[in-house]
Amino acid sequence: MTLEEIHAPEPVPAGHDWLQGAGKALHELLVSAQRRGCLTAGVYESAKLMNVDPDNVAFCVLATDEDDEGDIALQIHFTLIQAFCCENDIDIVRVNDVAKLAAIVGPSEESGETRDLHCILITNPNEDGWKDPALEKLNLFCEESRNVNDWVPTITLPE
């Protein structure tokens, strides 16, 4: 049994446009991070980075499609990544549409090949930190979600 199963998320109060605003902010953050070279994609690549330099990770996105729901190995990786993020105070969200993520992030710049987008990390480009308005909005969204016991909120990306 997981923490999410024990403490089921309370519904978001009516009138809040949290999800819409969070989806737009995530889209902006991904585009900005890609441009700055602060985006790491892939479960294994992300795990390596978190092991080597967890203090440099600013945000984590876990993504699945309906096809991935039965992938036990992927779910185990997600559980370990979520635990690591919680332990290191890294905000984390889920996205249920890998195709939309692929449209935003695109193929690998080096090889041009499709990449694993099940886990995406946003890192700080330098020691001073990175002040991105979209990242600040998402950090606030995650904090508000935790206040209603939704520890890994799911975000819907805009069309």
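Excluded from the calculations below are hydrogen atoms, water molecules and symmetry mates; all remaining heavy atoms, backbone and side chain alike, are included.
Residues that satisfy the side-chain contact (heavy atoms from CB on, under 4.5 Å) test with D65, not counting sequence neighbours, are D68, D97, V98. Annotation: ring pair (Phe, Tyr, Trp, His ring centres under 6.0 Å) contacts of H77 (sequence neighbours excluded): Y44. Listed by chain and residue number, I72, L80 satisfy the side-chain contact (heavy atoms from CB on, under 4.5 Å) test with I76 (two or more places apart in sequence, or in another chain). Listed by chain and number, the residues in a side-chain contact (heavy atoms from CB on, under 4.5 Å) with Q75 are T64, F78, R94 (sequence neighbours excluded). With sequence neighbours excluded, no residue forms a salt bridge (Lys or Arg N to Asp or Glu O under 4.0 Å) with K137.
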Please determine whether side-chain contact (heavy atoms from CB on, under 4.5 Å) holds for the pair D91 and L138, giving the CA-CA distance in whole Å, both sets of side-chain angles, and the decisive distance to 0.1 Å. CA-CA 8 Å; D91 285 327; L138 285 167; over 6 Å; no

Between L101 and I120, does the side-chain contact (heavy atoms from CB on, under 4.5 Å) criterion hold? Intermediate values first, please. CA-CA 10 Å; L101 271 180; I120 297 175; 4.1 Å; yes

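Interatomic distance, F84 CZ to N51 CG, rounded to the nearest 0.5 Å: 6.5 Å. Here the OG1 atom belonging to T123 is positioned 13.5 Å from the CZ atom belonging to F59, to the nearest 0.5 angstrom. L29 CG to I122 CD1: the interatomic distance, rounded to the nearest 0.5 Å, is 4.5 Å. Here the straight-line distance linking atom CD of E28 with atom CD1 of I104 works out to 10.5 Å at 0.5 Å rounding. How far OG of S46 is from CG of L62: 8.5 Å, rounded to the nearest 0.5 Å. In this structure, the separation between SG on C142 and CD1 on I155 is 6.0 Å, given to the nearest 0.5 Å.
In the hydrophobic cluster analysis, where Ile, Leu, Val, Met, Phe, Trp and Tyr join through side-chain heavy atoms closer than 4.5 angstrom, V152 is grouped apart from L140.
Chaining together hydrophobic side chains whose heavy atoms lie under 4.5 Å apart leaves V52 on its own.
Between L117 and A41, the closest heavy-atom pair is CD2-CB, 3.9 Å. Shown here for M50 and P54, the closest heavy-atom pair between the two residues is O-CD, 3.2 Å.
Using a distance-only test at 3.5 Å, with no hydrogens or angles considered, a donor-acceptor pair links the side chain of N139 to the main chain of L135. Looking at D116, its side chain does come within 3.5 Å of a backbone N or O of H118 through a donor-acceptor pair.
Considering only heavy atoms from C-beta on, P153 comes within 4.5 Å of F141 through its side chain. Between V43 and I81 there is a side-chain heavy-atom pair separated by less than 4.5 Å.
Within a 6.0 Å sphere centred on CD of E69, other residues, nucleotides and ligands contribute more than 12 heavy atoms.
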